[in-house]
Every structure is written in C-alpha cells, then in structure tokens.
Amino acid sequence: MEAPLYPDLPPDPSAPRGGQPAFWVGPRHLAGDDGRLYDVVADALAGLGWTSLTIVRGRREPDEEPEDRQVLRSTVLHISPDALRWAQWGLADEPFHLGWLPIAWQISARAGASSPLAQWSAYFTRDVPGEAVVDFLVALDASNQPASALAGPELVLDAVAAHGWFLDIDQPEAAAMDPTFTSHISLGEVPPLIQDGDLRALSAEDDETRPAGWQAWAEPVLGAPLLWVASFAASVPHDLVAAFAASLSSTAPVLRRVLPEATQERLLRAPAI
C-alpha cells in the first residue's frame, strides 16, 4: 500500500498554481497531468520541429466586439515536417468521450503522402501523464514507417513487465496491470468511433474478424470514475504503444504541483528542492 512520504504537506489542488509547492511523485501512472497536458506535449512537438495551427470556429454577430465572440469549437493542430503525422488538441463543446472522459489529444499517422486519410489514431484524455504522451510522440516522430507494424504485441507487455507490472492471469498474452491493480493495459475490443484505416475495424457483423487494439486506463477506486483513458486503434504499431507503456509504467518520479484528488493518498511524494 502506497502512502505519502510527507503526509503533513499535501499539495492543495484548489490553490493557485503559482503558490503550489513542487513535489517529486510516483507512481507515474497515478500522478495525473499536473494540469499541463497541452503545454507539456505542445512544447515537445515544437522541439521536434512540428508546425502548429489554431483552428477556431464560432459565431460572430455584426458589430460584435472580438472579446464577445462566441467560439463553438477551438482546436490546435500540430503537423510533423513530413506531414505524415499530426496531433490535435481539442476539448469541444460536444467532445468525444472515452470512459466518460473527454478526449484531449488525438494523434494520427498516414502511410504516405499520397494517402489523404489517417491509417490510425490514438486518443488520450486529460490526466494521462504528459511524459507518456510525449514519449509516444517522440517514438512516432522517429519512426520511418509510422503506419507499419514492426513488432508484435509482446513488446508492449514486456515494457510494463520490466517495470513490475503483472501479466493478467487469465490473459497473460494480452493484458497487464500495475501492482496496486489500479492501472491496466489490454489488447482487445476497440471502442466505437476509433479511427482506423483497416477496413476490418468497420465490420459490425462478425466480432471475431475485428482487429484488436490496445486500451489503457486507471481506475483508482473500483466502480468509481476513471482517472484517465488512452485508446489506440488496431493499426497503431505495437512498438509505438510500447513506448507509451514503458513511460507510463516507469518507476522514475515525475515533478508535480497539482495532484489528482482521487490518487493523492496513493502517491509517494517528496518536496522538490
């Protein structure tokens, strides 16, 4: 059972960020995103040379002041230099949900410049640790074939097992969980509306022929709302999912000022001096 190293000094998520003390915390998969998921990922993409575009759609009345404009939907699109990969941040007025949580980042890749559609997409809600999303994107950016599978699914399970996660006793070849049984990663049925270039993913008649994709989530309290969810289309290469999984399960502490309310008492933490 995990407990705070300094129980008398818990960060207060409701306090202004500028007045928050910084802590090194773990485990990473329960540490949340520090309220900075956009900034952390966007800064990493800028460092990789990706271009960002802001897309705003809204409604403007005649003679309306700019500050009074009603924005119905706003997204920020980041595009790789070769235009084969892109990442979109958007919390819309009618967001796409996973596990009852709105999607924050959607990351996609296509097979080549001649293909106008994404070969696959991956989705991340808020409170997914930013470090794991960044490591997924770094691996994607470095890939010469971002839409091709270069390894098998065992690579993903090996990545988390190396950090102490347990293989599922019933599905050792397809699922694993952390030692506290709060975070999970599983290869199986893909949620509806997940974009995938594999036409088999569109079949609703025969579930046996549908390709499997990786899903990851954290459920701090059984039956309570999930902390975060990540979903990967079936065509996402396993080596990219493994990069995410290795970072998510890493035992290295992460710097945080704002901790998720649901996991504060499960986190080890020490003041960052």
Side-chain angles (χ1 to χ4, degrees), residues 1-15 17 20-38 40-41 91 95-105 122-136 156-157 159-161 163-171 175-188 191 214-232 241 244-270:
M1 186 69 177
E2 295 172 291
L5 291 178
Y6 297 86
D8 295 330
L9 297 172
D12 177 8
S14 64
R17 181 174 178 80
Q20 281 289 87
F23 288 81
W24 289 107
V25 306
R28 179 178 301 188
H29 58 90
L30 296 180
D33 62 10
D34 205 28
R36 301 184 63 248
L37 186 57
Y38 174 77
V40 168
V41 174
L91 292 172
F96 173 25
H97 287 77
L98 283 173
W100 303 103
L101 300 174
I103 295 298
W105 279 105
Y123 306 81
F124 306 88
T125 69
R126 279 184 168 169
D127 273 322
V128 174
E131 296 85 356
V133 181
V134 167
D135 286 341
F136 175 81
V156 177
L157 298 175
V160 296
H163 292 149
W165 285 35
F166 302 142
L167 299 182
D168 188 291
I169 191 171
D170 296 319
Q171 304 178 78
M177 64 198 73
D178 81 286
T180 66
F181 304 100
T182 54
S183 295
H184 307 257
I185 190 163
S186 176
L187 180 64
W214 289 99
Q215 316 301 316
W217 66 95
E219 187 179 16
V221 178
L222 187 63
L226 301 178
L227 175 61
W228 56 260
V229 180
S231 181
F232 302 86
V241 182
F244 169 82
S247 182
L248 178 72
S249 60
S250 172
T251 57
V254 290
L255 193 63
R256 293 290 188 269
R257 287 183 171 83
V258 178
L259 301 181
E261 183 177 352
T263 61
Q264 283 193 33
E265 298 308 316
R266 291 177 176 265
L267 293 169
L268 294 166
R269 56 182 180 261

task: Measure the acute angle between the ring planes of Phe244 and Phe124, then classify it against the limits of 30° and 60° as parallel, tilted or perpendicular.
output: tilted
field: Residues that Trp228 engages under side chain to side chain donor-acceptor pair (under 3.5 Å), provided they are two or more places apart
entry: none
- prompt: Sub-3.5 Å donor-acceptor pair from the side chain of Asp33 to the main-chain atoms of Gly130, do we have one?
  reply: no
message: Checking the side chain of Thr125 only, and the main-chain atoms of Leu101 only, is there a donor and an acceptor separated by less than 3.5 Å?
response: no
message: Keeping Arg269 on the side-chain end and Gln264 on the backbone end, is there a donor-acceptor pair under 3.5 Å?
response: yes
message: For Phe23 and Leu255: C-alpha separation, side-chain torsions, deciding distance, then whether side-chain contact (heavy atoms from CB on, under 4.5 Å) applies.
response: CA-CA 6 Å; Phe23 288 81; Leu255 193 63; over 6 Å; no
query: Of all residues at least two apart in sequence or in a different chain, which pass the side chain to side chain contact (heavy atoms under 4.5 Å, CB included) check with Val221?
result: Ala224
message: So does Val254 get a backbone contact from the side chain of Arg28, meaning a donor-acceptor N/O pair under 3.5 Å?
response: no
- line: Closest non-hydrogen atoms of Pro220 and Ala262, given as atom of the first, atom of the second and distance, are CB-O, 3.9 Å
- prompt: Rounded to the nearest 0.5 Å, how far does OG of Ser250 lie from CG of Asp135?
  reply: 8.5 Å
task: Output all residues satisfying side chain to side chain donor-acceptor pair (under 3.5 Å) with His163, sequence neighbours left out; order by chain, then residue number.
output: Ser249
statement: Across all chains, not counting sequence neighbours, the side chain to side chain contact (heavy atoms under 4.5 Å, CB included) partners of Gln215 are Val190, Pro191, Trp217, Ser231
message: Could you work out, with salt bridge (Lys or Arg N to Asp or Glu O under 4.0 Å) as the rule, every residue matching Glu131, not counting sequence neighbours?
response: Arg256
Results of side chain to side chain donor-acceptor pair (under 3.5 Å) for Thr182 - residues two or more places apart only: Asp178, Thr180
